[in-house]
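Note that the coordinates shown come from a computational prediction; the quantities given were computed from them, not determined experimentally. Hydrogens, waters and symmetry mates are skipped; everything else that's a heavy atom, side chains included, is used.
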Amino acid sequence: MIRTLVKDALNATAPADAILLQGWVRTRRDAKAFSFIELNDGSCLKGLQVIVDAALPDYVHIAKANTGASVEVSGKLVESKGGGQKWEVVAEKFTVLGEADATYPLQKKGHTMEFLREIAHLRPRSNLFGAVFRVRSRLAYAVHQFFQDKGFYYVHTPIVTASDAEGAGDMFRVTTLDLENPPKAEGGKHVDHAKDFFGKKTFLTVSGQLEAEIFACALSNVYTFGPTFRAENSHTSRHASEFWMIEPEVAFCDLHGDMDLAEEFVKYLIRDVRAHCAGDLEFFSKFVDQELLARLDFVLDKPFVRCSYTEAVEILGKSGKTWEHPVAWGDNLQSEHERYLTEEHFKCPVTVYNYPRAIKAFYMRQTDGCADGRETVAAMDLLVPGIGEIIGGSQREERLDKLRAGMVLHHLDEKNYWWYLDLRRYGTVPHAGFGLGFERMLMFVTGVANIRDVIPFARTPGTAEF
RNA sequence: UGCCCGGUAGCUCAGUGGUAGAGCAGGUGACUGUUAAUCACUUGGUCGUAGGUUCGAUCCCUACCCGGGCAGCCA
């Protein structure tokens, strides 16, 4: 007999005489003449109620079917006589495949997220985390579907890299050198990186953008979707040392096209998850964030606000608020400022664009015709309520001379970017792209407040268990 | 990295300068087409670690470890 998933059994349109189910016991309730078992196999949030009659020969095994045990049941799918569910299974054969004793940590009560993090090998069996990771899977699928349907090509950019893309953040070193006794150069003072595996200093990537630009300047529309690494000592609910990022890169595109794409993309992802993960989202709106569904629908309905950095600074200045960090043109917007803009002032997602040149990366395109001392670049950040920055992007500087000037401004050595400069030497085109933090998007879509709870096995400073 | 909060039973927490309690889980029994079932009884703790103050510390102090929050950095 072929196994039926709980999801499919619950969606049955007619009773079935013979059905085989495999899964884990969520709870068992014993009555005098039979036992109720709630069987969950992870295929969906809900479990299927199984009735095991005490007259059944296999009933002797029932005492071992504790919460957490894996079981196999074959029997009939019938309409339930009880009130809580449409279908239930009357067992004819019942086997406990793997027992779970009283030390099984998942109880029939609510646990704290902190406790569940410590048992990351078991938490996918909980309602909440089962739902989170089903949605994560669907969201990843939707990412590909969005870009593939638009004719974008998926590019695999390297995970080990020698370029510290944009100097953004500390990087993890990749080396095979003996750390106790590394080879030395320059009279024994410095480590001789020429003797390392790749013949030079290498790192885990912080972004695939620069390599994606190479492919955008060949295939026109591309995207990356893969792991990225930041060795920042960040202790916040929205930073992880290892996270996944989606980075589209579009040739013949300016900042406005980039912002259009970002908005369309975010809305597409929300709409897709809304349509395909309805049960899981309902669970989140019930137990995680009461306003989740209303907020998601609100975001779908409204066009995102677009606001230049200069306008944002004016709004913040006129807000009448007292800021922990003062607002002045030229300074970066702080979390409190971003939160005010999206949560209080506009009350919807906001794209802030044209940031001061001095605080942004070297590759961002200089805005033409800026007033002296007010030079900006074509950068944009998408801010959403509850999370803050979810997307950061820009139009790239395609003019060789301006790009070189930007590198001088940021004290970068041209030698390390020779291939990046070549893109401007040979057939350069205006192009733009952005990075979306996959986990941050997942947080937004599920209402889960901590990034550690939307990653199967989160890596944060000091933590790499599992 | 800075500031703040926390660490007491398997889990969630209360509590006191005189060495500890509840709910849930576990166990036993009763009851029941049950839904995180219900009821009764019950097992269970070097009160994060190491020092210090004190006649006496789980409680006060210091350091450290661990967890969490906020900020910075960003996605």
### Query
What is the distance, rounded to the nearest whole Å, between atom CD of Q209(A) and atom P of C74(B)?
14 Å

### Query
Is F438(A) touching bases, backbone alone, or none of the nucleic acid, heavy atoms closer than 4.0 Å?
nothing

### H111(A) NE2 - G23(B) P separation (whole Å)
18 Å

### Message
Using the P atom as the point on both nucleotides, what is the distance between G18(B) and G72(B), in whole Å?
### Response
44 Å

#### Entry: Separation of the C1' atoms in G26(B) and G69(B), to the nearest angstrom
34 Å

### Query
What is the distance from atom OG1 of T460(A) to atom NE2 of H239(A), rounded to the nearest 0.5 Å?
12.5 Å

### Query
Within the distance-only criterion (no hydrogens, no angle test), does the side chain of H337(A) pair as donor or acceptor with the backbone N or O of L333(A) below 3.5 angstrom?
no

### Query
Does C59(B) have a Watson-Crick or wobble mate here (both distances under 3.5 Å), and if so which one?
none

### Spacing between W244(A) atom CH2 and A75(B) atom P, to the nearest angstrom
18 Å

### Message
Would you say NZ of K81(A) has more than 12 non-hydrogen atoms from neighbouring residues, nucleotides or ligands within 6.0 angstrom?
### Response
no

### Task
Can you tell me, in whole Å, how much space there is between the C1' of A37(B) and that of A75(B)?
46 Å

### Task
Salt-bridge test for D41(A) and R26(A): reply yes if a basic N is under 4.0 Å from a carboxylate O, no otherwise.
no

### Query
Which base, if any, makes a Watson-Crick or G-U wobble pair with C39(B), both distances under 3.5 Å?
G29(B)

### Query
Taking the six-membered ring for Trp, are F147(A) and F152(A) parallel (under 30°), tilted (30 to 60°) or perpendicular (over 60°)?
tilted

### Message
What's E88(A) touching, base or sugar-phosphate or nothing? Going by heavy atoms closer than 4.0 Å.
### Response
base

### Query
P atom, U49(B) versus U58(B): distance in rounded Å?
10 Å

### Message
Does any part of the side chain of I315(A), heavy atoms only, come nearer than 4.5 Å to the side chain of Y340(A), both counted from C-beta?
### Response
yes

### Query
C1' atom, A63(B) versus C24(B): distance in rounded Å?
36 Å

### Task
Assign I391(A) to base, sugar-phosphate, or nothing according to its heavy-atom contacts below 4.0 angstrom with the strands shown.
sugar-phosphate

### Query
What is the pairing partner of C3(B), taking Watson-Crick or G-U wobble pairs with both distances under 3.5 Å in any strand?
G69(B)

### Task
For R230(A) and C73(B), give me the distance from atom CZ to atom P, rounded to whole Å.
13 Å

### Message
Taking the side chain as everything from C-beta on, heavy atoms only, tell me whether F434(A) gets closer than 4.5 Å to E249(A).
### Response
no

### Query
Which is true for A31(A) with a 4.0 Å heavy-atom rule: it touches a base, it touches only sugar-phosphate, or it touches nothing?
base

### Separation between the P atoms of A40(B) and U46(B), rounded to whole Å
29 Å

### Task
Tell me what F115(A) touches on the nucleic acid: a base, only sugar-phosphate, or nothing, going by heavy atoms under 4.0 Å.
sugar-phosphate

### Query
Could you give the CG-to-P distance, from N332(A) to A75(B), as a whole number of Å?
11 Å

### Message
Need one value for A33(A): base, sugar-phosphate or nothing, where a base atom within 4.0 Å counts as base even if backbone is also close, heavy atoms only.
### Response
nothing

### Query
Nearest to the side chain of K32(A) - C74(B), G26(B), U32(B)?
U32(B)

### Task
Using atom CD of E465(A) as one end and atom C1' of C66(B) as the other, report the distance to the nearest whole Å.
13 Å

### Query
Mapping V90(A) and A240(A) to their closest nucleotides on RNA chain B, which lands nearer the 5' end?
V90(A)

Could you list all N or O pairs between the protein and nucleotides 67-72 of chain B that sit under 3.5 Å apart?
from: G68(B); atom 1: OP1; to: R117(A); atom 2: NH1; distance (Å): 3.1
from: G69(B); atom 1: OP1; to: N450(A); atom 2: ND2; distance (Å): 2.5
from: G69(B); atom 1: OP2; to: R452(A); atom 2: NH2; distance (Å): 2.8
from: C70(B); atom 1: OP2; to: S237(A); atom 2: OG; distance (Å): 3.3
from: C70(B); atom 1: N4; to: H235(A); atom 2: O; distance (Å): 2.9
from: A71(B); atom 1: OP1; to: R339(A); atom 2: NH2; distance (Å): 2.2
from: G72(B); atom 1: OP1; to: Q334(A); atom 2: OE1; distance (Å): 2.6
from: G72(B); atom 1: OP1; to: S335(A); atom 2: N; distance (Å): 3.2
from: G72(B); atom 1: OP2; to: S335(A); atom 2: OG; distance (Å): 2.9

### Message
I'd like the P distance from U34(B) over to C47(B), given in whole Å.
### Response
45 Å

### Query
Can a salt bridge be assigned to the pair D280(A) and R138(A) using a cut-off of 4.0 Å between side-chain N and carboxylate O?
no

## Note on the structure
Whether each nucleotide of nucleotides 35-42 of chain B has a protein heavy atom under 4.0 Å at its base (B), only at its sugar-phosphate (S) or at neither (-) is summarised, 5' to 3', as BBS-----

### Query
Have T157(A) and E211(A) got a donor and an acceptor in their side chains that come within less than 3.5 Å?
no

### Query
Is there a donor-acceptor pair under 3.5 Å between the side chain of R274(A) and the backbone N or O of V445(A)?
no

### Task
Round to the nearest Å and state the distance from L383(A) atom CG to C74(B) atom C1'.
12 Å

### Query
Starting at CG of L122(A) and ending at C1' of G10(B), how long is that distance when rounded to a whole Å?
13 Å

### Query
Under a 3.5 Å cut-off for both distances, is G10(B) Watson-Crick or wobble paired, and to whom?
C24(B)

### Task
Kindly assign one of parallel, tilted or perpendicular to the pair F225(A) and H144(A), based on the angle between their ring planes and the thresholds 30° and 60°.
tilted

#### Entry: Who pairs with G45(B) - Watson-Crick or G-U, where each distance is under 3.5 Å
none

### Message
Give me the distance, rounded to whole Å, that separates G10(B) from C4(B) when you measure between the P atoms they each carry.
### Response
32 Å

### Task
Under a 3.5 Å limit for both distances, which nucleotide forms a Watson-Crick or G-U wobble pair with U54(B), could you say?
none

### Query
Got a salt bridge between R117(A) and D453(A), using NZ or NE/NH1/NH2 to carboxylate O under 4.0 Å?
yes

